[in-house]
Amino acid sequence: DVLHSQHPILIGEEAIAFARNLNLPHVFTHHTQYEDYSHYIPFNQNIVKALTREVVRTYLTRCVKIIAPTQSILTQLSRQYPGVKDRFSVLSSPINLERFRAERLNPAPIRRRYRLEDTFTFVSVARLTVEKRFDVLLKAFAQVAARYARARLLIVGDGASRKTLEALASDLNISPQVIFAGSVPYEQVPDYLAAGDAFAFASTSETQGLVMLEGMAAGLPVVTVDAPGNRDVTVDGYNGLLLQNPDDVSALAQAMMRLSANEPLRRLLAEGARQTATGYSAENMTRGLIAIYQQAIDLYRRQPLEYKRDFESLRQFPPQWLEELTGGHTDWLDSLTAFWQKLGN
């Protein structure tokens with residue numbers, strides 16, 4: 001009845017091909033702020049970001065419905081891609097609350113393994129990559145560790161930045177208080193989360209922040225920075241502490257210290273965190289997803305998409321992405337354009 005894709009590159013094009021051949025409505029979930037990952041392409045970053053926007057734009061024009069995981073991401077996407085803003089709906093990805101039930105959690109072996117008893121442990125779970133900004137988190141934690149000898153930071157995950165981050169921890173003289181646990185099987189992540197006292201996160205590239213919600217489901221209040229995704233799940237003073245300036249390392253450190261020094265506040269925010277997590281159950285999200293599927297079916301029945309690329313904009317010269325890059329100042333291309341048009345004729 002519906003074909004649902006999760007990524008605009010390669011497999012996404014296959015999804016559109018199937019939707020066209022099977023005459024089905026195509027739905028897409030916009031999971032990632034793709035421009036935040038442009039550094040993986042070693043080329044002029046302004047050009048890479050502009051081209052990324054153009055690739056995503058042409059993909060979105062071939063979607064009947066587009067799901068944004070949070071309201072702040074919907075607002076951002078509507079501003080970036082106004083031509084398809086009427087196709088957006090908000091629906092968060094769910095978490096498996098069953099795995100986070102207190103009777104199923106077993107954090108004691110992890111606490112013993114890493115000697116976390118009688119400590120205040122901040123947990124963070126993510127790929128160890130540049131966009132997750134673990135360098136900011138380590139610098140903030142260094143200020144915490146200087147004040148509180150019993151503070152610990154448990155980092156769960158692996159990635160290309162691990163050696164760099166381990167070296168940074170050494171340079172900051174906090175290696176004994178920082179545990180790099182590496183990758184762990186997903187089914188063990190709830191136990192690692194429950195082994196901590198709070199969840200700390202400095203990433204600004206999230207679209208929803210599922211790891212923060214999983215931390216909340218494990219009973220951890222969240223300390224994080226204001227950014228799309230983060231602000232949609234973290235309510236300052238209810239389920240965590242939300243810092244307005246993402247680049248203010250000292251403010252992040254102060255919030256972490258405030259939480260570690262105030263157990264009544266930690267318990268209050270932990271209760272709010274658990275309540276927040278209950279709203280993201282698979283049952284609730286599935287009902288919302290079915291409603292979006294039905295909207296896509298109805299829309300496609302009334303006005304089918306042909307799923308064709310926007311070749312006119314692709315043939316435009318100068319192309320739209322170049323006009324964006326130069327702020328519309330492309331007069332220097334006029335003579336070149338005229339030359340190629342004359343040659344083509």
Side-chain angles (χ1 to χ4, degrees), residues 1-8 12 15-16 19 24-37 52-53 55-97 126 131 201 203-217 222 224-236 238-240 242 246 272-300 302-303 305:
D1 299 289
V2 173
L3 205 144
H4 189 168
S5 67
Q6 312 289 331
H7 196 279
I16 289 176
L24 294 175
H26 171 226
V27 177
F28 169 61
T29 297
H30 198 291
H31 288 288
T32 304
Q33 297 189 61
Y34 298 102
E35 290 180 47
D36 287 344
Y37 295 78
T52 299
R53 281 196 300 275
V55 168
V56 173
R57 186 192 69 80
T58 59
Y59 191 79
L60 296 182
T61 61
R62 293 174 291 157
C63 302
V64 177
K65 290 290 292 182
I66 304 159
I67 298 173
T70 57
Q71 183 61 46
S72 62
I73 292 298
L74 182 145
T75 301
Q76 179 176 306
L77 293 175
S78 297
R79 184 172 61 249
Q80 290 175 326
Y81 309 107
V84 293
K85 65 181 181 180
D86 59 328
R87 306 183 194 184
F88 284 108
S89 293
V90 175
L91 182 71
S92 298
S93 298
I95 53 177
N96 182 5
L97 292 176
E131 65 276 1
F201 208 48
S203 172
T204 57
S205 63
E206 307 306 300
T207 54
Q208 179 180 340
L210 273 173
V211 289
M212 288 183 287
L213 285 169
E214 290 177 334
M216 291 181 191
V222 171
T224 191
V225 297
D226 186 35
N230 299 3
R231 73 173 67 105
D232 293 272
V233 299
T234 307
V235 181
D236 187 60
Y238 175 68
N239 57 20
L242 185 68
R274 290 189 186 93
Q275 290 298 320
T276 298
T278 61
Y280 292 84
S281 69
E283 292 81 3
N284 288 340
M285 297 302 106
T286 300
R287 282 191 287 269
L289 183 59
I290 290 172
I292 291 172
Y293 283 165
Q294 190 60 57
Q295 292 170 20
I297 292 168
D298 294 342
L299 285 168
Y300 189 74
R302 293 198 302 269
Q303 190 173 359
L305 275 183

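Model, not experiment: these values are computed from the prediction.
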Counting C-beta onward and ignoring hydrogens, is there a side-chain heavy-atom pair between [X] and [Y] closer than 4.5 Å?
X      : Y      : answer
Ile95  : Leu210 : yes
Tyr280 : Pro94  : no
Asp1   : Leu24  : no
Val225 : Thr204 : yes

- Query: Does the side chain of Ser5 pick up a donor-acceptor pair with the side chain of Tyr59 at under 3.5 Å?
  - Reply: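 On atom types as modelled, these side chains qualify, holding a pair under 3.5 Å.
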- May I ask you to check whether Glu206 and Ser203 show a side-chain donor-acceptor distance below 3.5 Å? yes
Within this structure, what is the [atom1]-[atom2] distance for the pair [X] and [Y], rounded to the nearest 0.5 Å?
X      : Y      : atom1 : atom2 : answer
Gln303 : Leu299 : CD    : CG    : 8.5 Å
Leu97  : Glu214 : CG    : CD    : 10.0 Å
Asn230 : Thr224 : CG    : OG1   : 4.0 Å
His4   : Ile292 : NE2   : CD1   : 8.5 Å
Leu60  : Leu77  : CG    : CG    : 7.5 Å
Gln294 : Ile290 : CD    : CD1   : 9.5 Å

Identify the two heavy atoms, one from [X] and one from [Y], that lie closest to each other, and give their separation to 0.1 Å.
X      : Y      : result
Val90  : Gln71  : CG2-OE1, 3.7 Å
Val55  : Thr58  : O-OG1, 2.9 Å
Ala273 : Met216 : O-CB, 3.3 Å
Arg231 : Ser72  : NH1-CB, 3.8 Å
Val27  : Ala296 : CG2-CB, 3.7 Å
Thr276 : Val233 : CG2-O, 4.0 Å

- Message: Parallel, tilted or perpendicular, judged at 30° and 60°: which one describes the rings of Phe28 and His26?
- Response: tilted
- Item | Name of the residue among Val56, Ile66, Thr61 meeting side-chain contact (heavy atoms from CB on, under 4.5 Å) with Tyr81 |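 Between Tyr81 and the candidates, side-chain contact (heavy atoms from CB on, under 4.5 Å) is satisfied uniquely by Val56.
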- Query: What pairs with Ser89 under side-chain hydrogen bond (donor to acceptor under 3.5 Å, both in side chains), at least two apart in sequence or on another chain?
  - Reply: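 If we apply the side-chain hydrogen bond (donor to acceptor under 3.5 Å, both in side chains) test to Ser89, skipping adjacent residues, the hits are Lys65.
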Output yes when a side-chain donor or acceptor of [X] lies under 3.5 Å from a complementary backbone atom of [Y], and no otherwise.
X      : Y      : result
Asn239 : Thr234 : no
Asp232 : Thr70  : no
Thr29  : Ile67  : no

- Working for side chain to side chain contact (heavy atoms under 4.5 Å, CB included), residues His31 and His7: CA-CA 8 Å; His31 288 288; His7 196 279; over 6 Å; no
- Query: Looking at the rings of His30 and Phe88, which for Trp means the six-membered one, are their centres under 6.0 Å apart?
  - Reply: no
- Task: Determine which pairs satisfy salt bridge (charged side-chain N to carboxylate O under 4.0 Å, His left out) with at least one residue from residues 72-96, sequence neighbours left out, and list them in order.
- Result: none
